Amino acid sequence: MPSHNSSGDIDVFSGEMSEVDIQIITSGGLRIPAHSAVLAAASTVLENILVRPGKRRSSERTIRILGVPCDAVSVFIRFLYSFKCTEEQMKRHGIHLLALSHVYLVPQLKQRCTKGLAERLTIENAVDMLQLARLCDAPDLYLKTMKFLSSNFKKVEETEGWKFLQHHDPWLELEILQFMDEAELRKKRTRRNKRELSLYLQLSEAMDCLEHICTEGCISVGPLDKEPSTKRQPCSKFDTCQGLQLLIRHFATCKRRTNGGCLRCKRMWQILRLHGSICDQPNDCQVPLCRQLKLKVQQKGDDELWKSLVRKVVSARAMSSLSLPKRKREEEPKMDLSHPQVLNFRLAA
């Protein structure tokens with residue numbers, strides 16, 4: 001590893017290497033001896049500087065790295081040799097190392113700095129880190145800083161860094177506010193999509209339960225050719241199935257359904273209509289009115305809103321089936337298509 005010699009310069013390696021042939025000069029006047037072959041192999045920018053003809057005729061070859069602390073330059077040169085950087089070095093010089101890695105095109109160091117600086121984000125340095133990430137073209141650090149700033153905006157806007165930004169970089173301020181607005185819109189859209197997906201999954205489950213009730217029967221409702229039994233074990237979707245059975249019992253006995261005055265009966269009609277739109281075996285299906293509703297749709301068609309609902313429920317049904325383990329899918333109740341069509345339910349006494 002590099003070490004200081006008696007003259008205040010830095011010896012890059014004490015191991016077996018060719019003699020140093022170039023000096024790195026820092027802003028503080030520190031001279032770091034190095035090997036041009038190593039520098040050229042690690043950085044294409046340094047390689048171009050080395051092959052460029054010198055303006056002054058001198059036997060000594062030098063490269064000036066100015067504008068950053070001497071210690072940061074020293075760590076940078078060490079990295080070009082070893083491709084290693086300690087946590088302490090990253091803590092002390094991470095910002096300057098990111099700038100050097102960007103200017104001299106050292107992607108390994110840039111990646112290391114991006115990760116290290118992202119782990120050290122604070123309320124106080126968030127604005128400075130965002131500006132640095134933008135200047136140094138570090139998209140990963142930029143995005144992580146934006147998310148951090150967005151999540152802690154109330155505290156960040158009280159810092160001196162934010163006040164300075166408002167007065168000197170209004171475009172970046174606008175960029176931050178736009179990111180926050182877009183992030184909030186994405187959250188709202190995600191929440192809405194989750195609610196919609198939950199609804200479609202519930203409707204998909206209701207379709208499965210309807211077929212199960214009309215084919216095999218459950219505790220209180222079943223097909224005409226099977227007697228419902230309270231001794232039957234609850235099915236795997238009993239919560240949905242029980243609610244549907246209560247709705248079916250009401251539908252079978254309601255006096256107001258004929259004139260359309262019952263909301264619960266309207267809900268049952270919608271469930272039957274949805275099944276009729278989804279079912280691909282209407283001639284053998286045991287769900288009441290399946291064939292009639294299918295023929296009605298073929299004759300009159302459906303509106304686009306209903307078609308969209310059917311597509312989404314079918315998609316949710318496929319997703320639900322694929323998400324189950326193979327054994328669970330095999331245990332799910334399946335329709336027995338050997339029975340003739342039954343257009344009424346049998347209710348338990």
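The shown structure was predicted, so the numbers you read here are calculated from the model rather than taken from an experiment.
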For N125, all residues meeting side-chain hydrogen bond (donor to acceptor under 3.5 Å, both in side chains), sequence neighbours excluded | T122
Without swapping roles, check the side chain of S27 against the backbone of G67 for a donor-acceptor pair under 3.5 Å.
-> yes
Output, in order, the C-alpha distance, side-chain angles, deciding distance and verdict of side chain to side chain donor-acceptor pair (under 3.5 Å) for Q202 and S198.
-> CA-CA 6 Å; Q202 290 175 28; S198 176; 3.3 Å; yes
Is any NZ, NE, NH1 or NH2 atom of the basic residue among E304 and K307 found under 4.0 Å from an Asp or Glu carboxylate oxygen of the other?
-> yes
Any donor-acceptor pair under 3.5 Å from T253 side chain to R249 backbone | yes
Can you name the closest pair of heavy atoms from H275 and C290 and give their distance?
-> NE2-SG, 3.5 Å
S308 side chain to L305 main-chain N or O, any donor-acceptor pair under 3.5 Å?
-> no
For R189, what residues pass the salt bridge (Lys or Arg N to Asp or Glu O under 4.0 Å) criterion, not counting sequence neighbours?
-> none
K110 side chain vs H102 backbone, donor-acceptor pair below 3.5 Å | no
Identify the heavy atoms of L80 and V38 that sit nearest to each other, and give their distance.
-> O-CG1, 3.8 Å
May I ask you to decide if M146's main-chain N or O and S150's side chain share a donor-acceptor pair within less than 3.5 Å?
-> no
Is the backbone N or O of Y200 less than 3.5 Å from a side-chain atom of K312, with the two atoms forming a donor-acceptor pair by type?
-> no
Does one hydrophobic cluster hold both V106 and L132, with members joined at side-chain heavy-atom distances below 4.5 Å?
-> no
Considering all heavy atoms, the nearest S36-L50 contact | O-CD1, 3.4 Å
Closest non-hydrogen atom pair, G94 against C113 | O-SG, 4.0 Å
Given the rule that I, L, V, M, F, W and Y join up when any side-chain heavy atoms are under 4.5 Å apart, are M129 and V103 in one cluster?
-> no
In one Ile/Leu/Val/Met/Phe/Trp/Tyr side-chain cluster, 4.5 Å: L293, L247 | yes
Give a yes or no on whether the backbone of Y142 and the side-chain of K147 come within a donor-acceptor separation of less than 3.5 Å.
-> no
Pairwise salt bridge (Lys or Arg N to Asp or Glu O under 4.0 Å) hits with a residue in residues 119-144, at least two apart | E87-R120, R134-D169, R134-E175
For C262 against H250, the heavy-atom pair lying closest together = SG-NE2, 3.0 Å
Over 60° means perpendicular and under 30° means parallel, so classify the ring planes of F164 and H168, tilted if in between.
-> parallel
Do you know which two heavy atoms are closest between I49 and Y104, and how far apart they sit?
-> CD1-CE2, 4.3 Å
Applying side chain to side chain donor-acceptor pair (under 3.5 Å), run through R311 and S315 and close with a yes or a no.
-> CA-CA 6 Å; R311 285 195 299 269; S315 176; over 6 Å; no
Out of curiosity, does L165 fall in the hydrophobic cluster containing L141 (side-chain heavy atoms, cut-off under 4.5 Å, transitive links)?
-> yes
For T145, which of L130, V127, L117 qualifies under side chain to side chain contact (heavy atoms under 4.5 Å, CB included)?
-> L130
